[in-house]
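These notes concern the structure reproduced below.
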2 protein chains.
Amino acid sequence: MSQPATRDPDLTRSRILDAALALFVEQGPAAVTMREIAAASGVTKSLIHHHFGSKEALWTAVKEDAFLRYAEGQRADLEAASAPGSELLENSVLRYFRFLQQHPGVVRMFAWAHLEKDDSCGEVDAALVGLGAQRIREAQQAGLLRDDINPTHVVTIFVNTCTHWFEARAHHAHWPGIGSDEEFLEDFLKVFMAGLAPRP
Amino acid sequence: MSQPATRDPDLTRSRILDAALALFVEQGPAAVTMREIAAASGVTKSLIHHHFGSKEALWTAVKEDAFLRYAEGQRADLEAASAPGSELLENSVLRYFRFLQQHPGVVRMFAWAHLEKDDSCGEVDAALVGLGAQRIREAQQAGLLRDDINPTHVVTIFVNTCTHWFEARAHHAHWPGIGSDEEFLEDFLKVFMAGLAPRP
DNA sequence: CAGGCAATTGACCGGTCGACCAGTTAATTA
DNA sequence: TAATTAACTGGTCGACCGGTCAATTGCCTG
């Protein structure tokens, strides 16, 4: 454990956070040891305690960091996409699906947090969901989507479907006749969009 | 740890399995100790090793037992419901939603299995999904449902939505405007059924 | 009723865990 | 440059982990 050329506590902190994130996401908080994290981040175990206090506190910091980055990425995506009206929802689903496809760690992170009943992670995206729901409400008022559905539930439906698709991938692989990511996404979008079309 | 009135290895085994299931579901396999399981099941730690060999083997046995009971319950439900045609799908969704609502442990059990990439649990319900998909295919051929959607994907969509609803309950609680179990179920069914209605 | 065998026990093992602490080293400040 | 503070290290602690083992107990069979 040779000393770094120059001391940089911020860099050290982020190195620890990165290594811890990778291990926690993969094995879950209970299965990871401080020794593993120390080895993976090239730092002594004592130094982790110095910076974060305890394993519990480190896990909390890792979660906060990860969810913050997730929320920022999603918000950037959401604000960049200013396509108006009817295609906005379809694009949102597509964007969210692609995001999870490219960030499998995020899905696992949420799953660990849910299992330990950590509801703090829900606060980070409450604003995002609120914003999405608002846009859906506007589309409803413009007559582009049926208006007898709670807008928040519209968001919840596609978030649940997409998230669980990636969470249970290995499980679903055994199901007869199941298709690829692309085939499933296409089918889901067909059903979802048709289900939300304005009623005659 | 007084000896039981009469020796009954089968009862002992099932007592251990029950106690282990409760603890594993609650805390996850890595966080539970053999000593906890022993205390909860009123049995010595050595006896658990005698009957199951190791913690790993016990966890496997617990999963097999739980998923088997799950699959049996679902199959019974599915066969009992012989309502023909268009209402069959809606009833399936309702039945699945109610089942998860009444068996929160099942949701967590699947989540733990998914996180450790255990795909063996997917084998237990492959047959169920196949059966469900077959019924949907029949409804498609009878013109009761649109036929341009993969029937397995139809099952996957509602399974994902319902499962994740209960898995992420605490998380969603922070989302603005979100409704109760009943309100969400109603909205989902509206979108889902309308999305699957035959195309004009 | 004798004797074999599985169920069951409590004591014990080596190993690893998270945490702590005294000491050293480098940057910062006055 | 002297003093102060914070980053960083290696060693160590008690607790607890999963697993083993010899000994005991009760059931079943011949």
Side-chain angles (χ1 to χ4, degrees), chain A residues 1-65 112-113 115-116 118, chain B residues 1-65 112-113 115-116 118:
Chain A
M1 206 71 54
S2 62
Q3 200 120 282
T6 167
R7 292 188 176 189
D8 187 341
D10 288 340
L11 180 64
T12 301
R13 258 187 79 98
S14 83
R15 260 209 269 265
I16 296 171
L17 280 174
D18 286 348
L21 174 66
L23 287 166
F24 280 142
V25 159
E26 193 55 31
Q27 312 177 31
V32 175
T33 70
M34 297 296 272
R35 284 167 174 84
E36 280 181 276
I37 300 170
S41 54
V43 147
T44 42
K45 190 164 54 75
S46 323
L47 193 51
I48 305 181
H49 276 98
H50 172 72
H51 280 292
F52 296 95
S54 70
K55 184 185 177 182
E56 181 68 23
L58 173 60
W59 168 233
T60 302
V62 166
K63 276 190 293 186
E64 273 175 14
D65 190 59
W112 290 119
L115 277 169
E116 61 179 22
D118 177 357
Chain B
M1 205 77 48
S2 62
Q3 199 118 281
T6 167
R7 292 190 176 187
D8 187 339
D10 288 340
L11 180 64
T12 301
R13 260 187 77 98
S14 83
R15 258 210 269 264
I16 296 171
L17 280 174
D18 287 349
L21 175 66
L23 287 166
F24 280 140
V25 159
E26 193 56 30
Q27 311 177 33
V32 175
T33 70
M34 297 296 273
R35 283 167 173 85
E36 280 181 275
I37 300 171
S41 53
V43 148
T44 45
K45 188 165 57 76
S46 325
L47 193 51
I48 305 181
H49 277 99
H50 172 72
H51 280 292
F52 295 95
S54 70
K55 184 186 176 180
E56 182 67 24
L58 173 60
W59 168 233
T60 302
V62 166
K63 277 191 291 186
E64 273 173 14
D65 191 59
W112 290 118
L115 278 170
E116 61 179 23
D118 177 358

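A note on names: the letters A, B, ... follow the listed sequences, proteins ahead of strands, and every chain is numbered from 1.
- Listed by chain and residue number, nothing satisfies the salt bridge (charged side-chain N to carboxylate O under 4.0 Å, His left out) test with B/Asp18 (two or more places apart in sequence, or in another chain).
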**OP:** Please report the C-alpha distance between B/Arg15 and B/Thr12 in whole Å, then the side-chain angles of each, then the deciding distance to 0.1 Å, and finally whether the side chain to side chain contact (heavy atoms under 4.5 Å, CB included) criterion is met.
**Re:** CA-CA 5 Å; B/Arg15 258 210 269 264; B/Thr12 301; 5.6 Å; no
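- Here the P atom of nucleotide D/dC17 and the CD1 atom of B/Ile48 are 12 Å apart, to the nearest Å.
- Following rounding to the nearest Å, B/Gln27 (CD) and D/dC17 (P) show an atom-to-atom distance of 11 Å.
- A donor-acceptor distance shorter than 3.5 angstrom exists from the side chain of A/Lys55 to the backbone of A/Pro29, with no hydrogens or angles considered.
- Side-chain nitrogen and oxygen atoms of A/Ser46 include none within less than 4.0 Å of the OP1 or OP2 phosphate oxygen of C/dA19.
- The residue among A/Lys45 and A/His50 whose nearest nucleotide of DNA chain D lies closer to the 5′ end is A/His50.
- In this model, the phosphate group of C/dG18 is not approached by any side-chain N or O of A/Ser54 to a distance below 4.0 Å at OP1 or OP2.
- In the set D/dG11, C/dA19, D/dG18, C/dA19 carries the atom at the smallest distance from any side-chain atom of A/Lys55.
- Among residue pairs with one or both ends in residues 20-32 of chain B, those qualifying as salt bridge (charged side-chain N to carboxylate O under 4.0 Å, His left out) are A/Lys117-B/Glu26; sequence neighbours excluded.
- Computed from coordinates, the A/Glu56 CD to C/dG18 C1' distance equals 12 Å when rounded to whole Å.
- Counting only heavy atoms from C-beta on, B/Leu47 has its side chain closest to C/dT8 among D/dC8, C/dG10, C/dT8.
- The CZ-P distance, from A/Arg35 to C/dG15, rounds to 14 Å in whole Å.
- Of the listed nucleotides (C/dC21, C/dT9, D/dG18), D/dG18 has the atom at the smallest distance from the side chain of B/His49.
- Remark: C1' of C/dA27 and CG of A/Asp10 are 14 Å apart, rounded to the nearest angstrom.
- Contact annotation for A/Thr33: backbone-only contact, meaning every heavy-atom pair under 4.0 Å involves sugar-phosphate atoms and none involves a base.
- Under 3.5 Å, the side chains of A/Glu116 and A/Trp59 contain a donor-acceptor pair of N or O atoms.
- Atom CZ in B/Arg15 sits roughly 14 Å away from atom C1' in C/dA7 (whole-Å rounding).
- Nucleotide D/dC8 holds its C1' atom 15 Å from the CZ atom of A/Arg13, rounded to whole Å.
- Look at B/Arg7 and you won't find any side-chain N or O under 4.0 angstrom from OP1 or OP2 of C/dA6.
- Atom CG of A/Leu11 and atom P of C/dA27 are 14 Å apart (whole Å).
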